[in-house]
Amino acid sequence: MEDTNSLIQIRIDKINEIRDNFGINPFPYKYDVTHYSNEIIDGFDRYFENQERVSIAGRIMAVRIMGKASFCTIQDKEGKIQLYIADANIGELHYNMFKKLDLGDIIGVKGTVKKTKVGEITVYIDELTLLTKNIRPLPVVKEKDGEMFDLFADKELRYRNRQIDLIVTPGVKETFKKRISIIRNIKKILDSKDFFEVETPVLQPVYGGAAAAPFTSHHNALDINLFLRISLEPYLKRLIVGGFDRVYEIGKCFRNEGIDRTHNPEFTMLELYQAYGDYNDMMSLAEELIVDTAMQVNGTTELSFDGKQIDLKTPWKKMKMTDAIKEYSGLDVMSMSDDELKAEVKKHGGDIKGDYIRGLAIDELFQLLVEHKLIQPTFITHQPLETTPLCKPDIEDDRFLQRFELFINGTEFANAYSESNDPVFQRKTLYNQSLRRDIDEEAPPMDENFVQAIEAGMPPTGGMGIGIDRLVMLLTGEISIRDVLLFPTMKPE
RNA sequence: GAGGCGUUAGCUCAGUCGGUAGAGCAACUGCCUUUUAAGUAGUGGGUCCCGGGUUCAAGUCCCGGACGCCUCACCA
């Protein structure tokens, strides 16, 4: 705000000059746009033959002035297009004003379409309207034959000023358009299967549904602490109890943890719950959601991610967690003693919070030895009972769960359960979990209201959570979560 | 949390052994009616991230800090 550097001052002076000497308002209220740049380029033959007059608006990205005529490239929401602007066509006053304009200004123009002698589709304009004067210079990015020069490269500046990044860095807008398409397609599929999209509280008196440190806030009028949700699960299950039968929410969750290439403190989760279904239904739904979306946005199930070739073609591999450990590390955890398990966890640099629990040691070994090796889509099933309090035990072996985690490229993409609905079991497991808060600060507190909801009777239900940001990363090839978040969390400067 | 690297003009970047701060683009003043990283002649533009220290002299060397990026650790 206090920036008084001369580049900005020069442009402020121009605003006054345009107003006072040209009698033109640099900030008019409205402009009637009839076409976007891509329509003109795609439908050039028609516009040229009919000599149809088009009206377009956009931001000036490049200017080449040659005395009494100029070429200028503007960018609208769909792309770029060249303009031909001549003194003889728009009048001396407006041409002189045009020469005062800068890269970054927004103009509206009307004219007809033709190709230049070197074949570039160009709007030969007969009317020029200044729509907004820029006073803060944009980074100047140039391009020749597809090669970019002087790209806006400083990631810190790009993330802190995403609006500028969107204007000047090729491909950024496309990534976010793809993100929107991905979410839209998931909603379309779920809507078609009769799932209701719902909104549940972000501010919660008790948090749960995952193990993570929460953000805390305070409500002044009620004088109570509130937590930002760490998952969507507790309230969506209340809605299953309430009789919605099929619900989903795509929304922000918040975890007070570190920031890195795959973690942002606020991130977007899809969670869905289907009454009368189980984890098998969730498995086929996961396949359908991800494959159909990949086909919609990429037109193929094959993708290249961080140098790895991945094919999402179904059916995906299924393995019990203990079998996966055996296959990838040779360890037969089913026949190992507790001491042997402890030794293996320690040997591979692992760590178990609090007292030793056999199931958590097995899960830890899986994470240490197997997880990163699961490049092609793989469902890992039958996690040890102790890994979550919210899932039903397996029918055949109650030391394990009716649960799966989906791994792609060594990363968890989905987590699904045959949801726990036995209220006595549920009260016990959540209470036991809350007791672990002394030794595990990520264990959530007891949620009495949630348990009472389950006590009212929740039908057998399959549930699943999918990390939307990671799915967008996978389908766009971006290896940093920051590149699929419009405004990633940054420390203040 | 640990390590590595980085921070110089609006943007992208040079800056040698410690010796008056550089280029391209952008900007400004001109020329130029088919250019396209337009061309062309000229001009201006700096808290060298911040704070200490060493030195006659620090963008440069040393110490501390901020912010960022990368790798690792952590992460239901």
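When reading the values below, keep in mind they use all heavy atoms of this one structure, side chains included, and skip hydrogens, waters and symmetry mates.
Of the listed nucleotides (B/C11, B/A76, B/C70), B/C11 has the atom at the smallest distance from the side chain of A/Phe152. Residue A/Pro137 places its side chain closer to B/G10 than to any other of B/U34, B/G10, B/G24. If you check B/U35, B/U33, B/C69 against the side chain of A/Arg482, the one that comes closest is B/C69. With distances taken from any side-chain atom of A/Asp260 to the nucleotides B/A76, B/C74, B/U34, the minimum falls on B/C74. Taking the side chain of A/Arg11 as heavy atoms from C-beta on, and the options B/A27, B/A38, B/A76, the nearest nucleotide is B/A27. Of all nucleotides listed (B/A76, B/U34, B/A26), B/A26 comes nearest to the side chain of A/Leu7. Each of B/A76, B/C67, B/A38 was ranked by its minimum atom distance to the side chain of A/Glu156; first place goes to B/C67. Of the candidates B/C11, B/C28, B/U35, the closest approach to any side-chain atom of A/Gln82 belongs to B/U35. Nearest nucleotide to the A/Ser480 side chain, out of B/A37, B/A76, B/C70: B/C70. If you check B/U34, B/U12, B/C69 against the side chain of A/Met490, the one that comes closest is B/C69.
Within the nucleic acid shown, A/Leu151 comes within 4.0 Å of sugar-phosphate atoms alone, with no base atom in reach, counting heavy atoms only. Residue A/Leu390 is out of contact with every strand shown, counting any heavy-atom pair closer than 4.0 Å. Contacts of A/Tyr159 with the nucleic acid, taken as non-hydrogen atoms under 4.0 Å apart, involve only primed sugar atoms and P, OP1 or OP2. Using a 4.0 Å heavy-atom distance criterion, A/Arg160 is classed as a sugar-phosphate-only contact. No engagement by A/Lys114 is indicated, since no non-hydrogen atom pair under 4.0 Å with the nucleic acid exists. Contact annotation for A/Asp154: backbone-only contact, meaning every heavy-atom pair under 4.0 Å involves sugar-phosphate atoms and none involves a base. Heavy atoms of A/Glu364 sit nowhere under 4.0 angstrom from any nucleic acid atom. Counting non-hydrogen atoms under 4.0 angstrom, A/Tyr124 reaches a base of the nucleic acid. Nucleic acid contact class of A/Lys491 (heavy atoms, under 4.0 Å, all strands): sugar-phosphate only. A/Glu412 comes within 4.0 angstrom of the backbone, heavy atoms only, and of no base. Nucleic acid contact for A/Ala153: sugar-phosphate only, since backbone atoms but no base atoms lie under 4.0 Å from a heavy atom of the residue.
Rounded to an integer number of Å, the gap from CD1 of A/Ile230 to P of B/A76 is 11 Å. Residue A/Phe407 contributes atom CZ, which lies 10 Å from atom P of B/A76 at whole-angstrom precision. Atom-to-atom, NZ of A/Lys142 to C1' of B/A27 comes out at 12 Å; the value is rounded to the nearest Å. Here the P atom of nucleotide B/A37 and the CZ atom of A/Phe71 are 13 Å apart, to the nearest Å. The nearest whole Å value for the distance from the CD atom in A/Glu120 to the P atom in B/U35 is 12 Å. Across the protein-nucleic acid pair, A/Met61 atom CE and B/A37 atom P stand 16 Å apart, rounded to whole Å.
For A/Lys14 and B/C28, the shortest distance from a side-chain N or O to OP1 or OP2 is below 4.0 Å. Residue A/Arg261 places at least one side-chain N or O under 4.0 Å from the OP1 or OP2 atom of B/U71. In this structure, A/Arg64 reaches the B/A38 phosphate: one of its side-chain N or O atoms is under 4.0 Å from OP1 or OP2.
For the pair A/Lys373 and A/Tyr328, the cation-pi test (distance below 6.0 Å, angle within 45°) is failed.
Side chain of A/Asp105 to main chain of A/Lys133: no donor-acceptor pair is present (N/O by atom type, distance under 3.5 Å, no hydrogens or angles). Checked by atom type and distance alone, the side chain of A/Arg59 pairs as donor or acceptor with a backbone atom of A/Gly104 at under 3.5 Å.
Between A/Glu17 and A/Arg11 no salt bridge is recorded (no basic side-chain N to carboxylate O distance below 4.0 Å). Electrostatic pairing of A/Glu249 and A/Arg229 counts as a salt bridge here, judged by a charged N lying under 4.0 Å from a carboxylate O. A salt bridge between A/Glu386 and A/Arg436 is absent, with no side-chain N of the basic residue lying under 4.0 Å from a carboxylate O of the acidic one.
Counting distance only, with no hydrogens placed and no angle test, the side-chain atoms of A/Tyr84 and the base atoms of B/U35 include no donor-acceptor pair under 3.5 Å. A/Gln433 contributes a side-chain N or O that forms a donor-acceptor pair with the base of B/A76 under 3.5 Å.
Checking A/Glu271 against A/Tyr273 by side-chain atom types alone, a donor-acceptor pair falls below 3.5 Å. No hydrogens or angles considered: nothing links the side chains of A/Tyr207 and A/Asp447 as a donor-acceptor pair under 3.5 Å. A donor-acceptor contact closer than 3.5 angstrom links the side chains of A/Asp338 and A/Tyr356.
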Fill in: Dot-bracket line, read 5' to 3' along RNA chain B, where crossing pairs take [ ] and | marks a partner on another strand, Watson-Crick or G-U under 3.5 Å
(((((((..((((.....[..)))).(((((.......))))).....(((((..]....))))))))))))....

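When the nearest nucleotides of RNA chain B are assigned to A/Tyr417 and A/Val140 by heavy-atom distance, the more 5′-ward of the two goes with A/Val140. Nearest-nucleotide positions on RNA chain B place A/Thr489 closer to the 5' end than the other of A/Leu368 and A/Thr489.
Rounded to whole Å, the separation between the P atoms of B/G3 and B/A76 comes to 25 Å.
Using a 30° and 60° split on the angle between ring planes, A/Phe254 and A/Phe215 fall in the perpendicular class, above 60°.
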